[in-house]
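What follows is a short report on a single structure.
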Amino acid sequence: MMRTAICPGSFDPVTLGHVDIITRASKMFDRVIVAVLENSAKKYAFTKEKRMKLLNKALAEIPNIEVITFDGLLADCAKRFDAAFIVKGLRAVSDFDYEFQMALINKKLNPEVETVFLTTKSEYMYLSSSVVREVARHNGDISQFVPEVVLKDIEDGLKD
Ligand code: PNS
């Protein structure tokens with residue numbers, strides 16, 4: 001039986017923390033769908049198409065992944081792609097409340113799906129897309145936060 005997992009997120013933009021979680025998921029599952037979804041409470045710096053392009057570039061070395069986008073609920077996205085697992089990275093206790101709520105809602109909406117949490121590598125505990133955006137907008141060095149292949153695209157995309 002083929003085991004498919006979804007790694008969902010905004011990826012605005014992709015960071016080394018995302019790449020770490022997706023790489024580890026790709027070793028645990030046969031197929032990993034990297035799903036660029038929208039959180040309606042957020043305003044995005046990069047378009048969906050650009051976020052997908054950056055992910056494809058950053059993840060080009062991993063054979064069993066596909067980058068997709070889906071308009072709607074993560075629970076429906078899992079159904080559509082036959083994924084029995086949702087994989088999320090947990091950084092700190094501060095992530096827990098929100099992620100716990102999401103996992104329970106997704107289970108209600110799609111009882112077939114299990115959410116699996118991977119603890120982030122300690123060197124990425126502090127890292128988030130919003131930190132990357134903030135540092136880059138103030139002309140700080142983001143080279144240790146994002147994959148090298150997309151560094152310039154991200155810097156250019158965040159210049160005003
Ligand atoms: O990287 P993020 O911003 O933490 O990702 C959050 C995301 C996009 C995965 C989440 O908001 C999501 O699943 N959006 C799709 C809509 C949905 O299913 N919402 C949860 C049920 S209320």
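Atoms within each ligand, like the ligands themselves, are counted from 1 in listed order. The figures that follow rest on heavy atoms only: side chains count, while hydrogens, waters and symmetry mates do not.
Looking at Leu74, Asn106, Asp95 and measuring to atom 13 (O) of ligand 1, the nearest heavy atom belongs to Leu74. Closest heavy-atom approach to atom 11 (O) of ligand 1 among the candidates Asp71, Asp12, Asn39, Ile105: Asn39.
Taking every heavy atom of Gly72 and a limit of under 4.0 angstrom, the matching atoms of ligand 1 come to 15 (C), 16 (C). Atoms of ligand 1 found under 4.0 Å from any heavy atom of Leu37, numbered from 1 in the order shown, are 8 (C), 13 (O).
Between Glu112 and Lys79, none of the side-chain N atoms (NZ, or NE/NH1/NH2) sits under 4.0 Å from a carboxylate O, so this pair counts as no salt bridge. With respect to Arg51 and Glu38, a salt bridge is recorded, a charged nitrogen being found less than 4.0 Å from a carboxylate O. With respect to Asp20 and Arg24, a salt bridge is recorded, a charged nitrogen being found less than 4.0 Å from a carboxylate O.
Contacts with ligand 1 closer than 4.0 Å are made by side-chain heavy atoms of Tyr98 only, the backbone lying farther away. Only the side chain of Met102 comes within contact range of ligand 1, with a heavy atom under 4.0 Å; no backbone atom does.
Counting only heavy atoms of the protein, atom 4 (O) of ligand 1 lies nearest to Lys42 NZ, 3.9 Å. For atom 1 (O) of ligand 1, the nearest non-hydrogen atom of the protein is Ser10 N, 2.9 Å. Nearest non-hydrogen protein atom to atom 14 (N) of ligand 1 is Glu38 O, 3.1 Å. The closest protein non-hydrogen atom to atom 19 (N) of ligand 1 is Leu73 CD2, 4.2 Å.
The closest side-chain heavy-atom distance from Phe29 to Ile65 is not below 4.5 Å. In this structure, Val150 and Pro13 have side chains that are not in contact, with every pair of non-hydrogen atoms separated by 4.5 Å or more.
Within a 4.0 Å radius of atom 16 (C) of ligand 1, the protein contributes one or more non-hydrogen atoms.
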**OP:** Apply side chain to side chain contact (heavy atoms under 4.5 Å, CB included) to His18 and Ser129, showing your working.
**Re:** CA-CA 9 Å; His18 294 134; Ser129 297; 3.4 Å; yes
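Using 4.0 Å as the threshold, Cys77 has no heavy atom nearer than that to any atom of ligand 1.
With rounding to the nearest 0.5 Å, the separation of CG in Leu37 from CD1 in Ile68 is 6.5 Å.
Partner Val135 forms a side chain to side chain contact (heavy atoms under 4.5 Å, CB included) with one of Val132, Val131, Asn139 and no other, that one being Val131.
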